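The chain is numbered in sequence order, starting from 1. Every value quoted in this text rests on a predicted model; they were computed, and no experiment measured them. Order of appearance sets the numbers: ligands from 1, and atoms from 1 within every ligand. Excluded from the calculations below are hydrogen atoms, water molecules and symmetry mates; all remaining heavy atoms, backbone and side chain alike, are included.
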Amino acid sequence: MSIGRIVNRLLRPLGLQVSRRSGDNDYDSYMTTPHLARRLREEVGDVTHRALTSVDAFPVPDRAGVQALVDAFFELYPSRPVAKNFNGSGFDNCLWLYLVARCIEPELVVESGVQRGQTTWVLRQACPDAEFHCFDINLSRLVYRDPRATYVERDWETRPFEGVDGARSLGFFDDHQNQAKRVRQAHDRGFRHLLFDDTVPVHKIYADGEPPLPTVSMLLDPLAVVGETYEWVCHGTAHRYHYTEADTHGARALIRDLVAFPDTSHITRHGRSSFPTYVRLVD
Ligand SMILES: C[S@@+](CC[C@H](N)C(=O)[O-])C[C@H]1O[C@@H](n2cnc3c(N)ncnc32)[C@H](O)[C@@H]1O
């Protein structure tokens with residue numbers, strides 16, 4: 001293993017890297033021949049329209065309307081302020097964030113897990129007039145600071161939210177914390193529309209360096225059984241997790257719908273996708 005890779009492995013938990021390869025920018029390769037670029041966007045439009053309409057949780061535009069949103073995102077992404085978002089969301093995760101936020105049109109957005117601010121920027125592009133509250137236990141790595149957002153360098157559980165209109169609010173969790181706990185906390189605070197990143201299914205826990213266990217997908221998966229212990233290897237290091245009832249925070253009963261979005265990165269070839277998932281909570 002190269003020295004660069006060893007150093008990056010040590011830096012990964014801090015969200016840092018030493019590599020300067022152009023490949024770290026997930027949008028430095030793209031189609032420029034117009035009719036072929038169009039074909040790619042239509043493929044993405046097909047998949048995203050199908051997934052968004054698979055759940056009756058928020059209004060979704062018709063096929064042409066979703067295409068217009070997909071096209072808008074393709075135009076927007078090259079202007080993002082965080083070109084190299086190592087350990088953070090790339091093109092495909094950001095696309096789902098943008099589409100769901102455009103459909104829901106929330107007046108209140110809460111984000112937990114900000115890091116450099118890439119996802120804050122995407123959500124701001126989708127919701128220009130919304131009130132934003134951004135939580136991260138370490139805000140020292142911010143590249144994009146939204147001028148109208150409230151930043152809190154603490155876990156969001158330290159902050160009460162009152163009078164939340166569930167239909168017009170969106171919670172986005174990319175903080176690698178227990179997702180069942182986040183469901184419980186969000187429901188208690190009145191949120192009903194949630195987006196999660198890193199919702200790894202139980203048989204793919206190995207694919208996330210810091211899986212937010214239990215993930216929301218595990219809560220609904222018959223393969224994930226309370227009382228069991230799971231073992232895996234991630235980047236050469238062995239891990240284990242013992243799944244307890246206490247870890248579920250009674251969150252199963254709070255989930256009305258869950259849509260694990262399809263991985264569009266195999267269509268766009270713009271890098272990685274990390275299990276973006278929409279959750280509608282019960283009223
Ligand atoms: C993967 S990064 C977020 C990336 C960002 N959403 C993006 O895609 O650009 C995870 C972040 O969660 C933060 N974090 C860890 N524990 C947290 C907690 N308890 N509350 C809020 N943020 C936390 C870390 O400091 C880190 O910045």
I'd like to know whether CZ of R38 has more than 12 heavy-atom contacts from other residues, nucleotides or ligands below 6.0 angstrom. yes

Looking at R256, I want to see if its CZ is surrounded by more than 12 non-hydrogen atoms of other residues, nucleotides or ligands under 6.0 Å. yes

Quick one: do the H193 and Y278 side chains pair a donor with an acceptor below 3.5 Å? yes

Closest non-hydrogen atoms of D247 and Y241, given as atom of the first, atom of the second and distance, are OD2-OH, 2.6 Å

Under a 4.0 Å heavy-atom cut-off, which residues neighbour ligand 1? N85, N87, G88, S89, S112, G113, V114, Q115, Q118, T119, F135, D136, I137, R141, D155, D174, D175, H176, Q177, R182

Is it the case that atom CZ in R240 sees more than 12 heavy atoms from other parts of the structure closer than 6.0 Å? no

Looking only at heavy atoms, what is the nearest atom pair of Y27 and N25, with distance? N-OD1, 2.8 Å

